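Right, one structure below, let's go through it.
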Amino acid sequence: MKLLLSWVRDFVDVTAPAGEIAGKLALRGFEVASIETLGDDDAVIDFEVTANRPDCLSVLGFARELGTLYDLPVRSLGASDRTRTLDTTVGSNDSIRVTVEDTELCPRYAAAVADITNVPTPPWMVERLHAAGVRPISISVDITNYVLMELGQPMHAFDINCLDGGEIRVRRARHGETIDTLDAVTRTLDSDMLVIADAKTPQAVAGVMGGARSEVSSSTKRIVFESATFKPASVRRTSKKLNLKTEASSRFERGADVNAPVLGLQRALALLQQAGAGHAHGKIVDCYPHPRTPQTLLLRRSRLARLLGLTVPDLDVVRILEGLGFGVAVTSDGWMATVPTFRVDVSREVDLIEEVGRHYGFDRLEAAFPPMATATAPPDPRTARDQRVRHVLLASGLSEAVTFGFIEEAAAAPFAASSEGASLVAVANPLSAKFDTLRPSLLPGLLGAVAHNRRHGRREVALFEIGARFTPEAGETRGVAIAWTGAANSEHWSAPPREVDFFDLKGVVGALADALDRTVHIEATERAFLVRGRSARIVAHGVEHGVLGQIVPPLAERAGAPAHDAVYVAELNLDSIAALVPERRDAIDALPRYPSVVRDLSIIVPDALPAEIIRDTIQSAADTPVAPLAAIAFFDRYKGKGVPDGSISLSVRLTFQAADRTLTDADVQTAFERILLALVREHGAVQR
Amino acid sequence: MSLPDESTVRAALAQFEADLAAAPSLRDAQSVRDKYLGRKNSVVAGWMQLIGSAPADQKKLIGRYANELKQHIEARWDTYQSAAEANLRPAGAVDVTLPGRQPRLGHPHPLTLVRTRMEAVFTRMGFSIVEGPEIEDEWHCFDALNMPAEHPARDMQDTLYLASPVCGESGRPDDRRTMLRTHTSSIQIRYMQTHQPPIRIVAPGRVYRRDDLDLTHTPMFTQMEGLVVGEGISLADLKGTLLAFARDMFSERARVRFRPSFFPYTEPSAEVDLSCWQCDGQGCAMCKQTGWIEIGGSGMVHPSVFEAVGYDPERYTGFAFGIGIERVAILRHQVQDIRLFFENDLRFLEQFPY
C-alpha cells in the first residue's frame, strides 16, 4: 500500500517526517518496503499490509493507525471540505432496477446513477492516483479508484445504456457462460462464480473485474456506480479459478467493510460534482436485506495483563481502542469494545489484546522466563539414534549430505521397491519435472551428489545422508544411505592406495549395526540398480532392512558420474532396525576365569562355497560340551599355486573356552576333529 | 726420540683434541683414540717402550707421564664417546616428520551443526526435542492451526500435494497423508493431541514449499519451531526465552525486538529481530546498516489452536516460535547462496569441523 502523506493529512494532522512515521509504523505491524520523498514535506511510504488487515489497504485505515500512534483526532470521511461526501439519500431509483439473487455471496449491493460529461480528471486527483501507484484512465474510472484507495471500498462504473433492460442482477453464473473482461480476455464461468448481470448476460465478475461490453467510454452519458460487499471465500475461489487478481479482488477476499458501500457512493458522487464531471441522478439504491449488528467483545483487564505479561494503564487501553475506531465502555473488570465493521480481523478478546499490545509497544515488554512446572518430557528417541548413526559414519570418513526430498521420476524409478514402477509417490503440483516424485530411496540424491563432486575433480567421494523416504506401501520411513567411490583409505607413503570395495561398505554397515546394538546378516541378493554378484541385502529374522552393493554403471553415468567409476552404496531402514531387539542385555557377563585355547585350521574347499555356510557347519559341529567354541575367525583366504582350480585355501582360527574349567589338549583335539570331520563330510574339505 | 716431559704431555693432549675434532665419525674417533692409547704403535705404547732404554732416574718419570697422558685421554674419551653415542640415530629410529596414518574423518553438514547447537541451547532451557512426519494431512498442517479451508496459505502456489494419499505411520485407514508439510507446526499439533500441558518442546525438521530454486529460496528447507504451553505463559516469557536463546547462540550482548505481524496460528504475532551480533546493533554490512537481524516469527498460541486439540484456552496460554535453520547457518557461516547447502560439494562440506 503506497501511502501519500499529504493525502492522509486530509484525515489526521500528522506533522512528523516520513522517516519517523515509517520507523514507528514498522514497529506496529507495517513493514516498510520503500520511502519516496516528494518536495518539501510530502512523501510516499510503501507499506506491506498483512493479510489480516484489509482495512489498511486504504488512506483512511492508515489515518487511524497514525491517529492512534500520535494521539491525534481522526476526521471521518465527509467531515472536512477536502473529503466532502454528498448526502444523497437511499431509496428507489427509476433508472435502475437492482436484484440480488444470492444474498449469501453478496450481503450488500449499493448502486448510484450519475449523468456525466467527459472532462479530464483534475490534476490533483491524477497526482494522488499516480502517487498511490494507480494509472489514471478516465474521470469515472479514476473516481472509483480514488475511492478505492481512500476508503478501501472497491467500486465499478457501468455504462447504463449497455445494461440490457436497465437492470442489474447479482446472480451465480450459468455453467459455461462467458464474459469478455476489461483485460480483453474471454473467460468461461461456472455456477460457483458470482456475476453482475443485466437482464441477459454477465456484465462483471463480482468483486474481480468488469466486462468490456458495459465499459464506460468517452461517449457515455449516464453511468451506474456499483459499491458492494461480496463473500471473501467466493471472490477468492473465483479469482483463483480465473487466475485473475485485481485491486478489488485482493480486498474482497480478505474482507471488506459492510458499511462502506453507501459511503463510497456518496464520496464518488461528491468527487464527480467537484470535478465538474456530472451529478447524481436520483437516489442511491441499497440492497442490504440482513443488516449486520456490530460485534461487541469483552476485554478483561486480568487477561490482558496475563497474556502480555505486562500491565497496560487503563487510560492507554481506552486511548488505543478508541483511536483505532472501537467503541469502548468500561465494565467492572475491563472494557466492552464494539468492533467497527471495517475490522474484519477482530472476533475474539485476544484480537483486542493484540491491538492494545501492538500500539502500547512490544518494546515495553520486560523479558521473563516461563517457570518449569514439571520435569522436561523425554525426547524423541530418533534424535539421539540419528546422532549416533551420524557419528559412526563421520568417524568412518564419510561426510554428511542433505539432498531434496523430491526428485525427478526418471531418477527415482530405478530405486522403486518393485519393478512395476507403481511404487512411487508422485507430487500433484510440482514446480518442475525435476521435483515431481518423492524419493523412494536416499540413493538417487546421493548419486547426484557423488556426480557433482566427480564433475568438480574429486577422485574420492564418501557421503552419507539421513532422511525420510516415501513409498505408497510403507509410507514415510527414515533411513540412512552411504555412497562411496575412489580410494578406500587416505593416501599414505607406506602402501599403495586401495580402491573401495564391497567389504568396505559391509564393514561400515557392520559398525552401524554394532553402534545401534542390533544383529543383522548380509546375504546375496539381486537388485536392478546393483551389479550382479556384488549386491546383498541386510536381513534380520528373515526381514529385509536394507541393501548394499555396487551401483550398475549406467545409473552412475546417468547421474553424471564417469561410467568407469565404481560407486558402492548401502541403505538401511533406521526405523525398522531400531524396532529390533537390542543385542546386548544390560547385565554384563562375568569375565572368563579359565584360559582359552586357539587352534588354526587350514582347509581346501570349493571357492563358490559361501563363508557363511562353512561358519554354520563349524558352529553346529562344535555344539558339544567337551570343548565349547568361543570364536571363529577367517584369517586367510588363498587362491593360486598349490591350490587346485576352482578351490580356495581357507584358514580359520578356532578359539575354545569353557566357563567352568581349564580345557585339556584331549578335549580340544576331540572338538577340533569333530569340526574337521564335518567339513570333510559336508563340503569335501581337504585339510592342508 | 726425545724423552717425554710435561710439555710433551700437553702437546700430545692438544694434538689428540685436534685429531678427535677432525674425526668425521665415531669409528674414526675410535682410531684416533687407538693411535694414542692402543697396545701397539700408539703414543702411550711408544713412551712405555722408551722406559727400557731410558736412564734409571728417568724411568719412573716416563711411566708417570705415560700414565698421566693415558688417564687424561681415557677421561676425555669417555665424555666424547657418550656425547657421540647420544647423537647417534638409534636402531629402528623413524622420521617422525613423515605423515601419519590418520583415520579419515568425515564432515557434518552445516545444517546439522546449526540444528544440533540450537537443540543443545533449547535443551538447556528445559525443552524436549520432538520430531514428526514430513508428509502430512491438511488437518494437522492447516485446519488445526486456524487456517480454514479458504485460507490463502492453502493455495496451490505454496503447498505441494501428493498425487494420491499415502498411509500414515499409525496404519489406521483414516490416517491419509495428502501433502508435504509446509512448517513443523504440524508436529506441535500432533504433540498436543497426545500430551497434556505443561508443554515445552522444540520441533526441528525439513519442510517443503512450492518455491523456485534461487539464491535465497529452496523448495525444501529446515525449521525449528518451539512451543510452550502452561498456565500463565505470557508474551514476556516468549521474549525472555528468545533472549536466552540469542545470548547462548549468537552473542552475550544480544537484544530481542518484536515487530507485530500476522500469523493465523498466533495472536498476538510478532517477527523476531535480534540485535546484530557483528556490530552489536551499530549497523554493518551483515544487518544492512539496520542494527537488527530478522530471525523468525513468533507469537502467543491462538485460542482456536488450543480448541482444535482439546485444550481449554481460558486455562492455558502458550507461545510458539519458528526459526529457519538455513537462515541461522547463512548468517553464522556467511553463506552467500542457499543452494550450497544442497549441492553437497565436498569443498564446501570440508570447511565444517568433525
Side-chain angles (χ1 to χ4, degrees), chain A residues 26-29 50-52 233 236 306-310 348 350-351 353-354 357-358 362 365-370 372-374 376-377 379-380 382-383 393-395 397-405 425-429 431 435 449 452-453 456 458 463 468 470 472 475-476 490 492-493, chain B residues 98-99 101-102 104-109 111-112 126 128-131 133-135 150 152 156 160-163 166-169 198 200 206 208 210 212 219-220 228 230 232-237 239-241 243 258-262 267-268 270 300 303 317 341-346 349 354:
Chain A
L27 292 181
R28 278 161 181 77
T50 51
N52 60 326
R236 203 175 85 81
R306 203 171 108 162
L307 198 72
L308 295 180
L310 172 75
R348 299 182 75 134
V350 68
D351 300 320
I353 294 174
E354 173 167 64
R358 184 170 71 86
F362 286 164
L365 284 168
E366 292 288 339
F369 194 78
M372 294 278 284
T374 58
T376 299
D380 193 314
R382 288 177 292 184
T383 314
L393 296 177
L394 290 172
L398 297 131
S399 291
E400 187 181 17
V402 173
T403 68
F404 288 135
V425 180
V427 178
N429 57 332
L431 208 52
F435 304 131
H452 170 90
N453 282 288
H456 289 83
R458 291 297 291 236
L463 293 171
F470 311 88
E476 176 177 344
S490 324
H492 196 255
W493 49 270
Chain B
L98 277 171
R101 277 181 210 98
Q102 188 173 334
R104 196 155 60 180
L105 291 178
H107 300 269
H109 198 281
L111 296 177
T112 300
S128 288
I129 302 161
V130 176
E131 303 195 38
E134 292 178 17
I135 45 176
E150 297 298 337
M156 292 285 273
L160 288 159
Y161 291 94
L162 306 184
V166 170
C167 196
E169 62 276 357
R200 190 181 296 229
R206 294 176 187 183
Y208 300 85
R210 199 162 181 268
D212 265 320
M220 181 188 94
V228 171
I233 301 294
S234 72
L235 193 64
D237 291 327
K239 190 169 189 175
T241 301
L243 186 65
F258 282 157
R259 271 180 298 115
S261 188
F262 169 67
E267 189 82 17
M300 299 303 293
T317 52
F341 291 121
F342 306 103
E343 275 176 354
N344 304 297
D345 193 312
L346 284 163
L349 295 176
Y354 169 74

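Keep in mind the model is a prediction, meaning the values are calculated, not measured. Letters go in sequence order (proteins before strands), and every chain restarts at 1.
Annotation: maximal heavy-atom pairing with chain A below 4.5 Å, among P198(B), P133(B), P99(B), occurs at P99(B). Interface summary for chain A: among L243(B), V130(B), L162(B), the most heavy-atom pairs under 4.5 angstrom belong to L162(B). When each of E343(B), E169(B), M300(B), Q102(B) is checked for heavy-atom pairs under 4.5 Å with chain A, E343(B) comes out on top. The residue among R200(B), M220(B), E134(B) with the most heavy atom pairs within less than 4.5 Å of chain A is R200(B). Taking A233(A), P370(A), A51(A) one by one and counting their heavy-atom pairs under 4.5 Å with chain B, the maximum is reached by P370(A). Ranking G309(A), G405(A), A367(A), S399(A) against chain B, the residue ahead of the rest is S399(A), based on heavy-atom pairs under 4.5 Å. For the set G357(A), A377(A), A468(A), the count of heavy-atom pairs under 4.5 angstrom toward chain B peaks at A377(A). Per-residue heavy-atom pair counts under 4.5 Å with chain A were compared for A270(B), S261(B), G232(B), G168(B), and the maximum is reached by G232(B). Between chain B and the options T50(A), N453(A), T376(A), T374(A), the largest number of non-hydrogen pairs under 4.5 Å is found for N453(A). The candidate with the highest count of non-hydrogen atom pairs below 4.5 Å against chain A, out of P219(B), G230(B), C167(B), is P219(B). Top candidate by heavy-atom pairs under 4.5 Å with chain B, chosen from V427(A), L393(A), T383(A), is T383(A).
Between the side chain of K239(B) and the main chain of A368(A), no donor-acceptor pair closer than 3.5 Å is present. Checked by atom type and distance alone, the side chain of W493(A) never pairs as donor or acceptor with a backbone atom of L98(B) at under 3.5 Å. Side-chain atoms of R458(A) do not come within 3.5 Å of backbone N or O of L346(B) as any donor-acceptor pair.
Residue F258(B) comes nearest to L365(A) through the heavy atom pair CD1-CD1, 3.9 Å, listed as atom of the first residue, atom of the second, then distance. Summarising the geometry of G126(B) relative to M372(A), their closest heavy-atom pair is CA-CE, 4.1 Å, with the distance given to 0.1 Å. Across L307(A) and P268(B), no two heavy atoms sit closer than the pair CD2-CD, 4.0 Å. Across every non-hydrogen atom of R104(B) and S490(A), the tightest pair is CB-OG, 3.8 Å. Shortest non-hydrogen contact noted between E476(A) and I135(B) is OE1-N, 3.0 Å. Of all non-hydrogen atoms in N429(A) and Y161(B), the two that sit nearest each other are OD1-N, 2.9 Å.
Note that CG of L308(A) is 11.5 Å distant from CG of D237(B), once rounded to the nearest 0.5 Å. Remark: L463(A) CG to H107(B) NE2 distance equals 11.0 Å, nearest 0.5 Å. The CZ atom of F262(B) sits 4.5 Å away from atom CG of N52(A), with the distance rounded to the nearest 0.5 Å. Taking CG of L235(B) as the start and CZ of F362(A) as the end, the distance is 5.5 Å to the nearest 0.5 Å. We find the CD-CG distance between E400(A) and L111(B) to be 8.5 Å, quoted to the nearest 0.5 Å. For the atom pair CD (E267(B)) and CG (D351(A)), the distance works out to 4.0 Å, reported to the nearest 0.5 Å.
The part of Y354(B) that comes within reach of chain A is its side chain, from C-beta onward, which places non-hydrogen atoms under 4.5 angstrom from that chain. Looking at L349(B), the atoms closer than 4.5 Å to chain A (heavy atoms on both sides) all sit in the side chain, from C-beta outward. If you measure heavy-atom distances from R101(B) to chain A, the contacts under 4.5 Å come from both the backbone and the side chain.
Counting heavy atoms from C-beta outward, V166(B) and F470(A) have side chains that stay 4.5 Å or more apart.
Every salt bridge (Lys or Arg N to Asp or Glu O under 4.0 Å) that R382(A) has, sequence neighbours left out, goes to D380(A). Residues satisfying the salt bridge (Lys or Arg N to Asp or Glu O under 4.0 Å) test with R259(B), not counting sequence neighbours, are E31(A), D273(B), E294(B).
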Test side-chain contact (heavy atoms from CB on, under 4.5 Å) applied to F341(B) and V402(A), step by step: CA-CA 7 Å; F341(B) 291 121; V402(A) 173; over 6 Å; no
side-chain contact (heavy atoms from CB on, under 4.5 Å) assessment of L431(A) paired with D212(B): CA-CA 7 Å; L431(A) 208 52; D212(B) 265 320; 3.3 Å; yes
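Side chains of N344(B) and H452(A): a donor-acceptor N/O pair is absent below 3.5 angstrom, by distance only.
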